[in-house]
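Structure first, commentary second.
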Amino acid sequence: MKKSVFLGALTVAGVAAGVASAATVDDVKARGTLNCGVATGVPGFAAPDANGEWQGFDVAVCRAVAAAVLGDPTAVEFVPTTGKTRFTALASGEIDMLARNTTWTFSRDVDLKFTFVGVNYYDGQGFMIPKELGVTSAKELDGATVCIQTGTTTELNLADYFRVNNMSYEPVPIETNAEAQQQYLAGACDVYTTDASGLAATRATFETPTDHVILPEIISKEPLGPLVRHGDDEWGDIVRWTLNALIAAEEYGVTSANLSDMASAATDNPEINRLLGTEGNLGEMLGLDADWAVNALGVAGNYGEIFEKNIGESTPIGLARGLNAQWTNGGLLYAPPFR
């Protein structure tokens, strides 16, 4: 689930340089749709439902951006990408943004010429094994066969972890989460490793999830978030501040239930008023309507609502907020001021 560093950096950077000179926001408006790169299918994060409609935590970010820019959360063309194809799709202009559990790293930011607009999920790499193996720690995995998505930071982290702990392993290379699930359940590998959130999402789809254990070790930092191409700051600002609007709204108590009332008349909180466009001219600064954030929040509510609906503790994915709680609640979630 994480993110190719093997892709030819010079090729990607060269393509990105050619595309970035165009104003993406103008292209999106002229096209009337947002082309958003997502995963090929990770339950809770990005996957088609029974009706073929894309749903999930990352999907909600795409829809919020479409609502902010176009006033229509359904005006999104979802483009499934793998760990190997996602960066080429973004660099070439096939997609306008990538919202696909992708880790923010130095080389992707600097060498591949992408701009990460923020973090929508703070994660870390973990390990899942069948309970029947009786393993309770990743330190007991010496000699294990490991299902691993190729061309990802997961692959590099795995090699580092086993080397540091003087252990050996046999990699079982896979391309997608669906393939990893199939191989793991078929017994082709003892262990599946990826982002801990991805492990929880995958396990939730199993016939008997309790037969599988996610080990306690988290072996890496995986700040996951949306990204755009270098060189198009106007578009980067729009995606960045749309994500910030979702985060800030939760902090300020703006919800799907009270959004309409708060947006119809100024509140006694100037920050909320600026966010919702009843005061100031933040929308104009972005080249958008004054109610851009209202439109974004009208899709699925604030960050907390999106989290709880798609991946929270009441869902089959069952993720606690943890590091993804607001900074006021001991987490890392923090939106810069809207002023």
Kindly give the heavy-atom pair with the smallest separation between [X] and [Y], and that separation in Å.
{"X": "Ala75", "Y": "Ala66", "answer": "O-CB, 4.0 Å"}
{"X": "Ala180", "Y": "Ile174", "answer": "CB-CD1, 3.5 Å"}
{"X": "Gly44", "Y": "Ile311", "answer": "O-CG2, 3.4 Å"}
{"X": "Ala320", "Y": "Phe307", "answer": "O-CZ, 3.7 Å"}
{"X": "Asn244", "Y": "Ala335", "answer": "O-CB, 3.7 Å"}
{"X": "Cys36", "Y": "Val76", "answer": "CB-CG1, 3.9 Å"}

Just checking, any donor-acceptor pair under 3.5 angstrom between side chains of [X] and [Y]?
{"X": "Thr115", "Y": "Arg229", "result": "no"}
{"X": "Gln181", "Y": "Thr205", "result": "yes"}
{"X": "Thr193", "Y": "Gln125", "result": "yes"}
{"X": "Glu222", "Y": "Thr103", "result": "yes"}
{"X": "Thr328", "Y": "Glu251", "result": "no"}
{"X": "Asp109", "Y": "Trp104", "result": "yes"}
{"X": "Thr74", "Y": "Asp72", "result": "yes"}

Could you tell me whether the side chain of [X] and the main chain of [Y] form a donor-acceptor pair under 3.5 Å?
{"X": "Asp190", "Y": "Thr145", "value": "yes"}
{"X": "Arg274", "Y": "Glu279", "value": "no"}
{"X": "Asn157", "Y": "Thr153", "value": "yes"}

Count I, L, V, M, F, W, Y as connected when their side-chain heavy atoms are under 4.5 Å apart, and connections chain through other members. Are [X] and [Y] then in the same cluster?
{"X": "Val228", "Y": "Val110", "value": "no"}
{"X": "Ile218", "Y": "Leu224", "value": "no"}
{"X": "Leu282", "Y": "Tyr252", "value": "yes"}
{"X": "Met285", "Y": "Ile272", "value": "yes"}
{"X": "Val239", "Y": "Val299", "value": "no"}

Problem set entry | Pair Leu90-Thr88, side-chain contact (heavy atoms from CB on, under 4.5 Å): steps then yes or no | CA-CA 5 Å; Leu90 181 58; Thr88 303; over 6 Å; no
Pairwise side-chain contact, [X] with [Y], heavy-atom cut-off 4.5 Å (strictly under):
{"X": "Asn273", "Y": "Met262", "answer": "no"}
{"X": "Ile317", "Y": "Pro43", "answer": "yes"}
{"X": "Asn302", "Y": "Leu246", "answer": "no"}
{"X": "Leu276", "Y": "Leu297", "answer": "yes"}
{"X": "Leu70", "Y": "Val28", "answer": "yes"}
{"X": "Asp142", "Y": "Ser168", "answer": "yes"}
{"X": "Met97", "Y": "Val65", "answer": "yes"}
{"X": "Thr176", "Y": "Gln149", "answer": "no"}

Within this structure, what is the [atom1]-[atom2] distance for the pair [X] and [Y], rounded to the nearest 0.5 Å?
{"X": "Glu284", "Y": "Leu288", "atom1": "CD", "atom2": "CG", "value": "11.0 Å"}
{"X": "Thr267", "Y": "Glu271", "atom1": "OG1", "atom2": "CD", "value": "10.0 Å"}
{"X": "Leu34", "Y": "Ile95", "atom1": "CG", "atom2": "CD1", "value": "9.5 Å"}
{"X": "Asp195", "Y": "Ser220", "atom1": "CG", "atom2": "OG", "value": "7.0 Å"}
{"X": "Arg100", "Y": "Cys62", "atom1": "CZ", "atom2": "SG", "value": "12.0 Å"}

Problem set entry | Residues clustered with Phe162, ILVMFWY side-chain links under 4.5 angstrom |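 Members alongside Phe162: Phe127, Ile129, Leu133, Val135, Leu141, Val146, Ile148, Leu158, Tyr161, Met167, Tyr169, Val191, Val213, Leu215, Ile219.
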Problem set entry | ILVMFWY clustering at 4.5 Å (side-chain atoms), partners of Tyr334 |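 For the cluster that includes Tyr334, the remaining residues are Trp327.
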Exercise. Angle class for the Tyr184/Tyr192 ring planes (parallel below 30°, perpendicular above 60°, tilted otherwise)?
Worked result: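 Because their plane-to-plane angle lies in the 30° to 60° range, the rings of Tyr184 and Tyr192 count as tilted.
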Exercise. What pairs with Thr85 under side-chain hydrogen bond (donor to acceptor under 3.5 Å, both in side chains), at least two apart in sequence or on another chain?
Worked result: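 If we apply the side-chain hydrogen bond (donor to acceptor under 3.5 Å, both in side chains) test to Thr85, skipping adjacent residues, the hits are Thr82.
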Exercise. Can you check side-chain contact (heavy atoms from CB on, under 4.5 Å) on Thr150 and Glu155, steps first, answer last?
Worked result: CA-CA 6 Å; Thr150 56; Glu155 190 172 30; 4.2 Å; yes
For this session: Could you walk me through whether Glu217 and Ser137 pass side-chain contact (heavy atoms from CB on, under 4.5 Å), step by step?
Result: CA-CA 7 Å; Glu217 286 84 0; Ser137 168; 2.5 Å; yes
Exercise. Is any NZ, NE, NH1 or NH2 atom of the basic residue among Lys29 and Asp26 found under 4.0 Å from an Asp or Glu carboxylate oxygen of the other?
Worked result: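 No.
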Exercise. When the aromatic ring centroids of Phe57 and Tyr303 are compared, is their separation below 6.0 Å?
Worked result: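 Between Tyr303 and Phe57, which both carry aromatic rings, the centre distance is below 6.0 Å.
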Exercise. Is the centre of the Phe206 ring less than 6.0 Å from the centre of the His212 ring?
Worked result: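 Yes: the rings meet the under 6.0 Å criterion.
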For this session: I would like to know whether Asp96 and Thr24 meet side chain to side chain donor-acceptor pair (under 3.5 Å); could you show each step before the answer?
Result: CA-CA 7 Å; Asp96 305 307; Thr24 305; 5.5 Å; no
For this session: Identify the residue among Thr202, Thr194, Thr40, Asn101 that makes a side chain to side chain donor-acceptor pair (under 3.5 Å) with Asn177.
Result: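 Exactly one candidate clears the test, Thr202.
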For this session: Can you tell me which residue pairs pass the side-chain hydrogen bond (donor to acceptor under 3.5 Å, both in side chains) test with a partner in residues 49-66, sequence neighbours excluded?
Result: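 Residue pairs passing side-chain hydrogen bond (donor to acceptor under 3.5 Å, both in side chains), neighbours aside: Asp49-Gln55, Asp58-Asn120.
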Problem set entry | All pairs passing side-chain hydrogen bond (donor to acceptor under 3.5 Å, both in side chains) where residues 306-324 contributes a residue, at least two apart |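 The answer is Glu250-Arg321.
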Problem set entry | Candidate pair Leu227 and Phe87, rule side-chain contact (heavy atoms from CB on, under 4.5 Å), full reasoning | CA-CA 10 Å; Leu227 54 152; Phe87 295 134; 4.1 Å; yes
Problem set entry | side chain to side chain donor-acceptor pair (under 3.5 Å) assessment of Thr255 paired with Glu305 | CA-CA 8 Å; Thr255 70; Glu305 292 177 282; 5.0 Å; no
Exercise. Should the heavy atoms of other residues, nucleotides or ligands under 6.0 Å from CD of Glu140 be counted, would the total exceed 12?
Worked result: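 Enclosed: over 12 neighbouring heavy atoms sit under 6.0 Å from CD of Glu140.
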For this session: Might you confirm whether atom CD of Glu77 has over 12 heavy atoms from other residues, nucleotides or ligands at distances under 6.0 Å?
Result: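 Incorrect, the count does not exceed 12.
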For this session: Using the test ring pair (Phe, Tyr, Trp, His ring centres under 6.0 Å), find all partners of Trp292 that sit at least two apart in sequence or belong to another chain.
Result: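 With neighbours one apart ignored, the set is empty.
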